[in-house]
Amino acid sequence: MQEQSHLLTDDQIRDFIINGYISIKTDLPRSVHETIYRKTQEYTEKEGNLGNNILPRVPELQAVFEDPAVRGAFSSILGENYVMHSHRHPHRNTPHSGGQGFHKDSYWGHQKVRHHLPRWAMAFYYPQDTPVEIGPSAILSGTQYYSHRITDSNDGEVALSGSAGTISVIHFDLWHRAMANSTDKTRYMMKFQFIRLDEPNEPEWDSEDISWKINGFDEESNPAAKKHETTWRHVWNWMAGSTNGDNSSNGNLSKYIDALKDETPDVRSNAADELGMLSEDATDAITELANSLSDDYEPARLNAAYALGAIGESAVPTLIEKLSDENGSTRRMAAYALAAVGNPAVQALSNVINHDNENIRLEAAYALAQIGSGAEAAVDIMIEKAIDSNVEVRRYIPEAFGAIGPAAAPAVPVLIDRLANDEDAQVRFESALALAQIGPASSDAIPVLKDSLSDSNRYVRDNSIHALKRIGTPEAETALLDYLLMARWCAVTNSESTF
């Protein structure tokens with residue numbers, strides 16, 4: 001159990017939800033970071049980028065991620081049972097480089113809809129002092145909810161600078177880049193990725209006040225992102241294991257509805273957000289908000305989606321209709337909204353997951369995956385759709401089972417089948433991860449998980465390891481140890497020292 005003193009506070013969680021990052025400092029002596037820098041520099045010059053093998057090649061990194069402050073931060077955001085993904089990368093910013101453009105990270109060759117809820121996170125770790133001059137990573141604060149940037153410039157960027165041992169925990173989908181290095185020294189940033197295995201049932205940070213409160217957002221000083229309080233409140237409530245409560249009955253409904261048609265994008269965006277904060281009291285705005293799902297300004301359509309989610313069950317029929325819209329962005333926003341509605345949308349989503357239109361099936365499967373534990377009632381219908389002809393549907397069905405967790409145990413046979421037989425590596429990846437999230441109830445999967453330790457995709461193998469560890473029976477542990485004994489390698493063997 002993580003010590004309470006190392007967990008994040010309410011204000012820090014609010015900052016993470018709004019801004020998409022939080023920076024912390026390890027308590028390790030400086031000599032540890034110096035050793036990590038020296039080894040990384042030496043091995044990189046001899047062998048090239050160490051990629052996923054950076055951890056076994058530089059095992060001192062393990063102490064960084066076992067540091068109580070680091071474990072406390074990730075436990076607060078991803079839950080106590082979070083795991084490290086096997087994709088990790090030492091980013092090298094060479095002297096006098098020009099830096100990068102802003103981007104979001106890919107999913108290691110896989111294609112996924114971006115998650116607004118923090119089921120994944122990354123760590124940016126510096127083993128050396130990293131002032132702005134040496135080219136730290138920079139982020140666009142608050143942009144983790146955007147598929148597209150709303151500015152073309154770097155205005156509003158935040159340099160994640162700091163002394164050796166600084167770690168920034170960032171939302172997986174936050175826009176970021178490497179800044180220019182104007183010094184004569186190489187800057188390293190170690191990027192590691194982490195996964196939540198359990199849905200939250202209560203606050204997992206050091207919480208004193210369960211109610212949502214906006215915290216330190218100044219829209220004028222951050223041109224890269226706009227106000228999305230309804231979205232932030234939804235994420236807060238999900239992380240706290242609660243629902244879309246906090247109904248605020250203040251506001252001029254007709255004024256906000258009229259403003260949804262204003263010529264100024266920010267006026268439309270703010271109006272949708274204000275309607276969302278009214279929750280069920282904004283029911284009369286459903287039609288206008290549904291039209292705003294097609295707004296050409298992403299902050300406005302995002303706010304409209306979460307406003308409809310906050311209105312709840314009465315918005316579901318309109319949102320289901322929007323899943324058949326010709327515009328892909330509109331369909332996606334409707335799926336986000338249905339996911340935000342949560343349990344009251346599950347039956348309607350179950351009804352359309354059999355639709356002839358594969359776009360509707362895809363968005364329905366995605367929404368059910370985002371609803372998570374509240375979608376337990378849809379397990380049986382999703383079992384039937386696990387062999388859907390559309391590969392994207394087949395990817396989101398196991399993701400939904402994993403988010404539901406142990407209650408999705410009836411899906412274990414179909415997950416076994418998909419892990420063993422699906423030609424798509426991402427389906428196998430999601431199936432193995434779902435078996436890990438279901439946990440001990442996945443024990444029947446041990447034989448196929450053992451076989452999957454030889455899968456052609458490295459990340460399917462990684463998720464199979466996590467599943468065997470989570471199942472935890474003697475049979476699972478034997479399979480895991482046998483594999484690790486076979487796969488072990490010597491981290492100091494190289495062309496200059498072969499034995």
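These values consider heavy atoms only, across backbone and side chains, with no hydrogens, waters or symmetry-generated copies.
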**Request:** Output every pair passing ring pair (Phe, Tyr, Trp, His ring centres under 6.0 Å) with a member in residues 381-418, not counting sequence neighbours, ordered by first then second residue.
**Result:**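 For residues 381-418, and leaving out neighbouring residues, the ring pair (Phe, Tyr, Trp, His ring centres under 6.0 Å) pairs sorted by first residue read Tyr366-Tyr396.
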task: List the steps, then state whether side-chain hydrogen bond (donor to acceptor under 3.5 Å, both in side chains) holds for Asn351 with Gln347.
output: CA-CA 6 Å; Asn351 292 341; Gln347 185 57 59; 2.9 Å; yes
Only counting residues at least two apart or in another chain, list the ones meeting salt bridge (Lys or Arg N to Asp or Glu O under 4.0 Å) with [X].
{"X": "Asp482", "value": "none"}
{"X": "Asp152", "value": "none"}
{"X": "Glu288", "value": "none"}

Is the [X] ring parallel, tilted or perpendicular to the [Y] ring (thresholds 30°, 60°)?
{"X": "Tyr306", "Y": "His234", "result": "tilted"}
{"X": "His228", "Y": "Trp232", "result": "perpendicular"}
{"X": "Tyr145", "Y": "His116", "result": "perpendicular"}
{"X": "Phe194", "Y": "Tyr82", "result": "perpendicular"}

field: Asn49, CG atom: more than 12 neighbouring heavy atoms under 6.0 Å
entry: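 Yes, enclosed.
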Checking the side chain of [X] only, and the main-chain atoms of [Y] only, is there a donor and an acceptor separated by less than 3.5 Å?
{"X": "Lys104", "Y": "Asp173", "answer": "yes"}
{"X": "Gln426", "Y": "Arg395", "answer": "no"}
{"X": "Asp462", "Y": "His85", "answer": "no"}
{"X": "Ser242", "Y": "Asn237", "answer": "yes"}
{"X": "Trp236", "Y": "Ile210", "answer": "yes"}
{"X": "His176", "Y": "Leu174", "answer": "yes"}

Between Gln100 and His91, does the side-chain hydrogen bond (donor to acceptor under 3.5 Å, both in side chains) criterion hold? Intermediate values first, please. CA-CA 12 Å; Gln100 291 178 309; His91 285 263; 5.4 Å; no
How far apart are the C-alpha atoms of Arg458 and Ser86, what are their side-chain angles, what is the distance that settles it, and do they pass the side-chain hydrogen bond (donor to acceptor under 3.5 Å, both in side chains) test? CA-CA 8 Å; Arg458 71 191 77 185; Ser86 63; over 6 Å; no
Which residues pass the side-chain contact (heavy atoms from CB on, under 4.5 Å) test with Ala337, sequence neighbours left out?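 So Ala337 forms a side-chain contact (heavy atoms from CB on, under 4.5 Å) with Ala305, Leu308, Leu319.
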Quick one: CG on Asp388 to CE on Met382, what's the gap to the nearest 0.5 Å?
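Here the rounded value is 13.0 Å.
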task: Decide ring pair (Phe, Tyr, Trp, His ring centres under 6.0 Å) for Phe172 and Tyr107; before the verdict, give the C-alpha distance in whole Å, the side-chain angles of both, and the deciding distance to 0.1 Å.
output: CA-CA 10 Å; Phe172 192 93; Tyr107 290 94; 4.8 Å; yes
| field | Derivation of the salt bridge (Lys or Arg N to Asp or Glu O under 4.0 Å) call for Asp273 and Lys226 | value | CA-CA 10 Å; Asp273 198 36; Lys226 299 300 177 181; over 6 Å; no
>> So, using side chain to side chain donor-acceptor pair (under 3.5 Å) as the criterion, who are the partners of Asn81 when residues are at least two apart?
In response: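 Listed in chain order: Asp198.
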